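Being a predicted model, the structure only gives us computed values, none of them experimental. Chain A is the first sequence line, chain B the second, and so forth, proteins listed ahead of strands; every chain is numbered from 1.
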Protein chains: 2
Amino acid sequence: MSLDTRKSKILESIIRDYVETAEPVGSRSVVRKHNLRISAATVRNEMADLEDMGYLEQPHTSAGRIPSEMGFRYYVDCMMQKETLDDSELEILNKILNENIGEWSDIVSKVGSFLSQVTNYASFVIVPSIKLSEFKNVQIIPITDGKAMLLVVTDVGVLMHRRIDVPSSISSEELQLIGKAFTRVLSGTRLEEMRRNELKALREDLKNRRKVIDKVLEAVDVMMQGSRDESVVISGALNILNEPEFKDMDKLKRILTILEEDILLKQIIPEKISEDVNITIGKENKAEDIQEMSLVVAGYNNFGEMGKIGVIGPVRMEYWKAAGTVESLRNILDQLLSKKFF
Amino acid sequence: MSLDTRKSKILESIIRDYVETAEPVGSRSVVRKHNLRISAATVRNEMADLEDMGYLEQPHTSAGRIPSEMGFRYYVDCMMQKETLDDSELEILNKILNENIGEWSDIVSKVGSFLSQVTNYASFVIVPSIKLSEFKNVQIIPITDGKAMLLVVTDVGVLMHRRIDVPSSISSEELQLIGKAFTRVLSGTRLEEMRRNELKALREDLKNRRKVIDKVLEAVDVMMQGSRDESVVISGALNILNEPEFKDMDKLKRILTILEEDILLKQIIPEKISEDVNITIGKENKAEDIQEMSLVVAGYNNFGEMGKIGVIGPVRMEYWKAAGTVESLRNILDQLLSKKFF
DNA sequence: GTTAGCACTCTCAGCGATTGAGTGCTAATC
DNA sequence: GATTAGCACTCAATCGCTGAGAGTGCTAAC
C-alpha cells in the first residue's frame, strides 16, 4: 500500500522526531518542525488516517503518536535514503585502516569498533569459519624438553597453533622432518576434506614415530574443531545504555547478556541474509529475546563464505545512518579481503 | 583501636546484614538475627558508640545504621575469616581445569570466569608482559607469492606471529635459511636485551637479502611492542547489574565502561600490591572512578613477573568470600605456572 | 550497666488535585 | 470537498499532603 505525498511527509516527520527524542510526536510539532503549509488540525486528521492504516500508534489517548513497527517498515522499504559516511568519518576510517597492517582479526575488530562509534549502536562482525581453505604448511617446533608447538598455516594465511607433547628423546631435526612429511601429504588438501586414508599412509611412512604422529593428528583435530566455529566480534555494546527504552534493568540485563556472549549473539542473527543490507525490525526478528530491537546486517564475501557485519539497536533506530554505514563497511571488508589479503 | 567483644559482634552482625540486604540495619534486627542476650536499647547505645567511633553511619536520622568504609576496614583487618571454596565449587573448578589442556590464555580466562561466577562480582586477571622470556626459534613460512608468516617462539612457549611482505622471487628454502640465521643469532637472547649490534652482524651475514631482514626486524619490533603490554582478561562485568547501588544509569555506565576496556581497568588497579590478598575499600582507591567500589586482588608468580587476579565489586561486598576465593585461585595459578607449563 | 517506655524524626506509599500536552469532533471557511 | 479554528475531553505526570512504619535518642526505672 502506497501513501500520498503528504501522508509520507508526515510519517517521515514523525519518524525523524520520534527517533531523535524517543517521545510521542504531536500534531503541532510536526507542523512546526517541517513548516508544512497546513494546520495542525489537518495533520491530526492525516495522523488519524495513518493510525487506522497501522503505520502509527498511540501509547494512550492524550499522547502524540509513535511510529509502529509497520510504520518503520514502510519507511525503510519505500522512503529511506541511506546516509553514507561523510568526509570526516571517511577520514577517520582511512586513518584506522592505514595505521593497522596487522592481522585480519585486528582489522575486523577495528572496523567493528568504528561501526559502533559512528552509529552509536552495538556492532558485530561475524567471520566465517575457514573450512574452505587449504593446508599450506605444517611445522613442529620444539619448545622445551617434551613440549613442542604445532603450527598449521593455511593458504589464506590463517595460522593455527597448539602445544603438543612429544617424546623428550626426539630431536629438533626429526620434528622438522615429520612436519615436512605432513606438509607433503596434506598440502593443498581442504581442511574439511582431510582424508583418513591419506593420514594412514603417512602413519605408515613414519611408523617409528607413531606416537608423535598421533599427537599431531589429535592436535589437528582439536584445531579443526575450533576453526569450524565462526568467530564473532562485538563492539560498543554499552551504547544501549544511552537508549531510554532500556532504562529498565531487566531488559537491559537481557540485552547486555546477549551482547556479551558470542554464542548468544550468533543465535539471534538470521542465518540466511542477502549480501545487501538486511533490516529486521522488532517482532520481525525470530529470536524472542530481541523482539524490541532491530537488526541491520549485510553479508560480505570472506574467501567464498559469507561473513556478516551489522548493528543492533532499538526499534527506534536511525535506520538511514545504520544502513548506509553498514553498507559502506560491508563494501570495504569485501575490498580488503579481495585485494589486500591475496 | 580495638573493640570489645560485644561491639565487635554487633558490628559484624550489621555488616553481614547490610551486605546481604543493602538496607540500613536497625537495632531490633541485630538482636533478632543473632539472638544476643541483650535488649535492643543496649544495642542502640552500642551502635551510637560505634557511630561516634566512625565505624557506622546513618543515612538519615530515623533509619538504621550502615557500616562506614572504616567499619568495613576494621572488619577486614581484625575480624574477617576468609571463606575458601567449598567442595562443590572445588569440584567444578577441577572439572574446568582438566577439560582444558589448551593455551595458557584459555586457562586464564576460564579461571577468571570461574572467579566471577563464584563470587558474583566482576573478575579480572592481569597477565604480565613476557619481556623476560627468551627467543627460542624464528621461522619464516611462505603463504602466497610475496607474503610470508613470521613466527617467533619463546622459551616459555609463547608464540608470536605476524604477516610480512617478502620479495616474490624468494624461495621457500631461502626463507627457511634466513629464519635459521635469526634463530642462531637470537636464540637465548632475552627479548628486551635484543642487541642492535647482534642484528647488524646478522644483516651483514645475509647482505643479499637485506630487504627481508629489514622486514623481519620491523615485524619483530612490532611484535615486541605488542608483547610488552600486559594482557587483561575481564569476566562477569554484568554482575554489577545485580547490585542495587548501581541502579543509577550514570554510575552504571561509568563502571561498565571501565570494566569493558582493558586499558581503563588496568589503570584502576594498584601498581604495587603484595602477593597476598590486598583489599582496598571505596575511597581507599586512588582512581577516582571507583571510589564507591572495592577491590580484592592478589599477585601470582608468572615466570618471575607478578600477575594479578582479583574481583571488583561494591563497597558492600562479601569480603570474606571474595578474599578466600581470590586467594585460592591465586594459589592455583601459581601452581599451574610452576608445574604444568614447565 | 541495662532496659522499658515514649516522644520524635524521617522516609515512603498512597491519594487527590492540578497541570499541560495532545486529541477528536464540530462548525465555519476557503 | 478539503482545510481550519475552536473547544471540550482525556490521560499521564507532577505536586503536596497525610498517615503508617521503622528506627532513633533520651529519660527514668531497675
Side-chain angles (χ1 to χ4, degrees), chain A residues 3-11 13-68 71 244-245 247-248 316, chain B residues 3-11 13-18 20-68 71 244-245 247-248:
Chain A
L3 298 177
D4 67 51
T5 320
R6 195 169 65 185
K7 281 200 173 56
S8 286
K9 275 233 166 87
I10 291 173
L11 178 58
S13 178
I14 291 173
I15 286 180
R16 291 254 168 193
D17 262 31
Y18 177 65
V19 166
E20 188 184 338
T21 63
E23 305 271 308
V25 185
S27 53
R28 277 183 59 88
S29 62
V30 171
V31 178
R32 237 185 300 129
K33 280 246 172 105
H34 283 249
N35 47 346
L36 307 177
R37 310 194 144 257
I38 48 177
S39 77
T42 311
V43 174
R44 273 204 289 285
N45 289 329
E46 296 284 41
M47 280 165 76
D49 287 355
L50 284 167
E51 184 173 358
D52 284 345
M53 288 185 254
Y55 296 121
L56 295 179
E57 42 194 46
Q58 221 173 356
H60 56 264
T61 325
S62 74
R65 304 292 207 302
I66 64 177
S68 66
E245 31 268 271
K247 62 184 196 311
D248 175 50
R316 182 184 61 78
Chain B
L3 298 177
D4 65 51
T5 320
R6 195 167 67 185
K7 282 198 173 59
S8 287
K9 274 233 166 86
I10 291 173
L11 178 58
S13 177
I14 291 173
I15 286 181
R16 291 256 169 192
D17 261 32
Y18 177 65
E20 187 184 339
T21 63
E23 305 269 306
V25 184
S27 53
R28 277 184 59 89
S29 61
V30 171
V31 177
R32 235 183 303 127
K33 281 242 172 110
H34 283 249
N35 47 344
L36 307 179
R37 310 197 144 255
I38 47 179
S39 76
T42 311
V43 174
R44 273 204 288 285
N45 289 330
E46 297 284 40
M47 280 164 78
D49 287 353
L50 283 167
E51 184 173 0
D52 285 345
M53 290 186 255
Y55 296 122
L56 295 179
E57 40 193 48
Q58 221 173 355
H60 55 265
T61 326
S62 74
R65 306 291 208 301
I66 64 177
S68 66
E245 31 268 271
K247 64 185 195 309
D248 174 50

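The distance from atom CD of Glu51(A) to atom P of dG22(C) is 15 Å, rounded to the nearest whole Å. If you take CD1 of Ile38(B) and C1' of dA4(C), they are 15 Å apart, rounded to a whole angstrom. Regarding Glu23(A), its CD atom lies at a distance of 11 Å from the C1' atom of dA21(C), rounded to whole Å. Between Asp49(B) atom CG and dT2(C) atom C1' the separation is 14 Å, expressed in whole Å.
In this structure, a donor-acceptor pair under 3.5 Å is absent between the side chains of Thr5(A) and Ser8(A).
No side-chain heavy atom of Leu3(B) sits under 4.5 Å from any side-chain heavy atom of Ile10(B). Taking the side chain as every heavy atom from C-beta outward, His60(A) and Pro24(A) never approach each other to under 4.5 Å. Within the 4.5 Å cutoff, the side chain of Arg6(A) has heavy atoms near those of the Ile38(A) side chain.
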Checklist entry - With the sugar-phosphate defined as primed atoms, P, OP1 and OP2, and the base as all remaining atoms, what B/S/- string results for nucleotides 8-20 of chain C, 5' to 3', for protein heavy atoms under 4.0 Å? => result -BBS---------

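Shown here are the salt bridge (Lys or Arg N to Asp or Glu O under 4.0 Å) partners of Lys33(A), two or more places apart in sequence or in another chain: Asp17(A).
Nearest heavy-atom pair, Ile66(A) versus Pro59(A), reported as atom, atom and distance to 0.1 Å: CG2-CG, 4.3 Å.
Heavy-atom contacts of chain B under 4.0 Å fall on DNA chain D between two terminal nucleotides, which in 5' to 3' order are dA22(D) to dG25(D).
Looking only at distances, a side-chain donor or acceptor of Ser68(A) sits under 3.5 Å from a matching main-chain atom of Gly54(A). Judged by distance alone, the side chain of Arg65(A) and the main-chain N or O of Gln58(A) form no donor-acceptor pair under 3.5 Å.
The residue Ala63(B) sits close only to the backbone: its heavy atoms come under 4.0 Å of sugar-phosphate atoms, none of a base.
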